[in-house]
Amino acid sequence: YGYSFFIQNMVTLWTEILPLQKIITREMCKIMKKLIKTMIVEDERIILDDLLAIIDWKAEGFDIVATAPNGKIGLRQYELYQPELILSDIRMPLVNGLTMMKSIKLKNPSIHFLILSAFDEFDYARFLMRKGISGTGYVASGKWTKQDGMNNLDLKSIASSCRRRMISLYQKLGFSGDELAVLSALTIGDKTELSDSVRESYSVAGASHILALSGLHIGLLYTLLFFILKPIARRGNIGRAIRSVLLLILLWAFAFFTGLSPSVVRSVSMFSILAMADMVGRQPLSLNTLAAAAWLMLFCNPAWLFDVGFQLSFLAVASILLIQKPIYHLITVKGRIGKYIWGLMSVSVAAQIGTAPLVMFYFSRFSVHFLLTNLVVIPFITIILYAAVIMLLLTPLSWLQIVVAEGVKKLLEGLNFFVRWVEQLPYASIDGIWLYQSEILGIYIVGFLLTYYFMNRRYRNLLICLFSILLLGTYHS
């Protein structure tokens, strides 16, 4: 990152960390009267070295017992060294700082944390407010009891209860561990059972999007329902109207059942417009449809604009609508299978082009083998979701349901095996990418200019593109 990066970190350390550590020293040493066992968790080596070199920790009352490059190793180091104070960054690979803090706090409520963020990219209070949370609190173990959600007969409690019953059914059918976690995420949007290792594997392989209910899942559901209700539409305009109404009811019931996440609401909104347009014989899947869905969502909840899932979801669909066809026509493919494979690849490339800058900004990672992953994972997901629907419909025939459940379990095991295999491939992901908001804006401007150049191949447009790329590279360096 060069001298400017080093100077920025030095200034941050001098102006923010040093005064802060003096306050901690005074207060904690008054209480403990001994060296405080301290652990530092920081993924940027230059920042970690600065922290260790600039401050005379023992003279100030601290004993650095361990360091860790990420939250995953930090959890192991905590078990080994039992520090009393942890200084931690927030954005780190494998396990982030907040997740690590939550896990340790549950084990040891008395431990102290100091959050370090040299990039000023995270405001926890603002993050909570945008999630609709106005305050937080901590209740020690043994001082709280879990209440049955059905005591409050509101719609959210009913939906939550239905999800719990669905998970119980999966467990009775023999699903457990990672297979249960992935199936719950794919079918009902419940990601509570997903382990850190599964999340990391899917993230590195470039398949995180399949664990969050979105356009892919809703599209498969819409296709299935559309096919089932096809006989009704044969009765003319009235039949088409009835099918559209049933599609709307079933899609929004599913959206509510899964918790009304922004990605699900966006997808259901778009397919609802598609269903209504089908009633009058139109196919409106376009940027206008996308803009209408965004407007409706933000009208209901403006805070969704700052939701990562909302941003990635809309950018992915917009990119597919704008550049998927030009990418597809770059290569002429013959044969039905070849066209299908190239079609999947062109969709993946278009979505990746649109979302890659934001993914690198939020997660500091770029998945190199995303094409290979999506080429195998998407057919896998299609089969698993349809097989899961058949499995649920066979509930009255328990013996046959168990047979189908075994097949679904094998499919999930194969999916997880493939994702872990991709994770182990050389250069599976590029980590530690740091970008600022202005750079993200610059990347999208460059992308727009390049698209405009390929649409209108003029020498002047090429010069503008090259100059903008040079300017962006100079600013980043």
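Values reported hereafter were calculated over all heavy atoms of this structure, with side chains retained and with hydrogens, waters and symmetry mates removed.
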- Query: Would F418 and L372 satisfy side chain to side chain contact (heavy atoms under 4.5 Å, CB included), going step by step from the backbone distance to the final call?
  - Reply: CA-CA 10 Å; F418 174 76; L372 171 64; 4.3 Å; yes
- Query: Does a donor on one side chain and an acceptor on the other come within less than 3.5 Å for Y170 and T187?
  - Reply: yes
- What do the steps show when you test E423 against E200 for side chain to side chain contact (heavy atoms under 4.5 Å, CB included), and what is the final call? CA-CA 9 Å; E423 181 192 16; E200 180 65 13; 4.2 Å; yes
Side-chain donor/acceptor pairs under 3.5 Å, residues 314-323, sequence neighbours excluded:
from: S319; atom 1: OG; to: L315; atom 2: O; distance (Å): 2.8

- side-chain hydrogen bond (donor to acceptor under 3.5 Å, both in side chains) with Q77: which residues, sequence neighbours excluded? none
- Message: Could you work out, with side-chain contact (heavy atoms from CB on, under 4.5 Å) as the rule, every residue matching W295, not counting sequence neighbours?
- Response: F299
- Check side-chain hydrogen bond (donor to acceptor under 3.5 Å, both in side chains) between T355 and all other residues, then give those that pass, not counting sequence neighbours. none
- Query: With L224, which residues qualify under side-chain contact (heavy atoms from CB on, under 4.5 Å), at least two apart?
  - Reply: I228, Y386, V389
- So among D89, L52, L87, D49, which one has a side chain to side chain contact (heavy atoms under 4.5 Å, CB included) with E42? D89
- side chain to side chain contact (heavy atoms under 4.5 Å, CB included), paired with I381, selected from I378, I383, L385: L385
- For S346, enumerate each residue passing the side-chain hydrogen bond (donor to acceptor under 3.5 Å, both in side chains) test, keeping only those at least two apart in sequence or located in another chain. Q324
- Query: Nearest heavy-atom pair of S184 and I167: which atoms, and what distance?
  - Reply: OG-CG1, 4.0 Å
- Message: Once you measure the plane-to-plane angle for W342 and Y328, does it fall in the parallel (<30°), tilted (30-60°) or perpendicular (>60°) bin?
- Response: parallel
- Message: Would the distance check show the side chain of K105 and the main-chain N or O of I111 forming a donor-acceptor pair, the cut-off being under 3.5 Å?
- Response: yes
- Any idea which heavy atoms bring V422 and A428 closest together, and the distance? O-CB, 3.6 Å
- Between I104 and I86, does a side chain to side chain contact (heavy atoms under 4.5 Å, CB included) hold up when you go through it step by step? CA-CA 10 Å; I104 294 175; I86 297 178; 3.6 Å; yes
- Message: Determine whether a donor-acceptor pair (N or O, by modelled atom type, separation under 3.5 Å) exists between the side chain of S88 and the backbone of F113.
- Response: no
- Got a sec: does the OH of Y444 have more than 12 other heavy atoms crowding it under 6.0 Å? yes
